[in-house]
Amino acid sequence: MVFILPFFWYNLVMNKIELRTKYKIIRNNIKDRNIKNKKIFNKVINDELILSKNTILIYVSINSEADTINIINYFLGKKNIAVPKIVSNEMKFCLINSLEVLEKKTFGIYEPIDDNYLTCFDDSICITPGICFDKNNYRIGYGKGFYDRFLNEHNIPTIGLCYKECLIDKIDNDEFDYKVERVITD
């Protein structure tokens, strides 16, 4: 069976693939990553919206992503921390009390061993990953749509994290793309 995309969809998909590839390379080559991560860390731990929430939904950074490990460690014991876990092609969030309850899974992503699923998202904020973000707060993720689907189902405030080198003018988007409320960068 051959699936043919309309021309405008083809350009949108190709544009996202091209942006994903380009900005992964840019992100992999960022200098002074430790200094940039410290700046992002300080902005996050002092952010009024984040401080006003009891639960932080946050990804566990890998490779060249903006560091979230130090952010998670800082808030453990101060707030409820929940990290994503993929279950039957659906992203759920599990509460953790330590980084030791994580194990490397598909695509090298760390997920909780336990199934301590968060079911109520009242008083939560979601810190969202992205390879790049645009001036309208749309993001290019890894292409599986987990965050877009999850965030479109839940009314949760969102903040994206990225390095300033990964901020761009415009990302073509469609009705399935979810934009974050704002982006924290170095």
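What you see is a predicted model, and the numbers here were worked out from it, not measured in a lab.
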Modelled atom types, side-chain donor and acceptor of Asp115 and Tyr117, under 3.5 Å: yes
Could you walk me through whether Asp123 and Asn54 satisfy the side chain to side chain donor-acceptor pair (under 3.5 Å) test, starting with their C-alpha distance in whole Å, then the side-chain angles of each, then the deciding distance to 0.1 Å, before giving a yes or no? CA-CA 6 Å; Asp123 205 22; Asn54 284 325; 2.4 Å; yes
Ring-face cation of Lys43 near Phe41 (centre distance under 6.0 Å, axis angle within 45°): no
If you look at every heavy atom in Asp174 and Phe176, which pair is closest and at what distance? OD1-N, 2.8 Å
For Leu161 versus Ala66, what's the shortest heavy-atom pair and its separation? CB-CB, 4.3 Å
Sole residue of Asp177, Thr21, Asp172 in side chain to side chain donor-acceptor pair (under 3.5 Å) with Lys16: Asp177
CA sep, side-chain torsions, deciding dist, call: Lys135, Asp169, salt bridge (Lys or Arg N to Asp or Glu O under 4.0 Å): CA-CA 5 Å; Lys135 291 179 180 178; Asp169 286 333; 2.8 Å; yes
Would you indicate whether Asn155, at its atom CG, is surrounded by more than 12 heavy atoms from other residues, nucleotides or ligands within a distance under 6.0 Å? no
Any donor-acceptor N/O pair, Asp134 side chain to Ile171 backbone, under 3.5 Å: yes
Under a single-linkage rule joining Ile, Leu, Val, Met, Phe, Trp and Tyr whose side-chain heavy atoms are separated by less than 4.5 Å, which residues share a cluster with Ile113? none
Over 12 foreign heavy atoms within 6.0 Å of NZ, Lys22: no
Please confirm whether the backbone N or O of Tyr59 pairs with a side-chain atom of Thr68, one donor and one acceptor, at under 3.5 Å? yes
Between Lys85 and Asp114, is a salt bridge (Lys or Arg N to Asp or Glu O under 4.0 Å) present by the stated rule, with each step listed? CA-CA 10 Å; Lys85 182 174 185 172; Asp114 300 326; over 6 Å; no
If you compare all heavy atoms of Ala82 against all heavy atoms of Phe93, which two are closest, and at what distance to 0.1 Å? O-CD2, 3.6 Å
Review item, side-chain donor-acceptor pairs of residues 143-150, under 3.5 Å, at least two apart:
| residue | atom | partner | partner atom | Å |
| --- | --- | --- | --- | --- |
| Asp148 | OD1 | Tyr178 | N | 3.1 |
| Arg149 | NH1 | Lys144 | O | 3.1 |

So, for Arg27 and Gly130, which heavy atoms are closest and what is the spacing to 0.1 Å? NH1-O, 3.7 Å
Looking only at heavy atoms, which two atoms of Lys79 and Leu51 are closest? And how far apart? NZ-O, 3.0 Å
Under a 3.5 Å distance rule, please check whether Arg20 uses its side chain to pair with a backbone N or O of Gly141 as donor and acceptor. yes
One thing to verify: whether Arg182 and Asp47 come together as a salt bridge, which I'm taking to mean a side-chain N less than 4.0 angstrom from a carboxylate O. yes
For the salt bridge (charged side-chain N to carboxylate O under 4.0 Å, His left out) test, which of Lys38, Lys36, Lys31 pairs with Asp186? Lys36
Just by distance, with hydrogens left out, do Asp67 and Asn70 show a side-chain donor and acceptor under 3.5 Å apart? yes
Output all residues satisfying side-chain hydrogen bond (donor to acceptor under 3.5 Å, both in side chains) with Glu103, sequence neighbours left out; order by chain, then residue number. Lys105
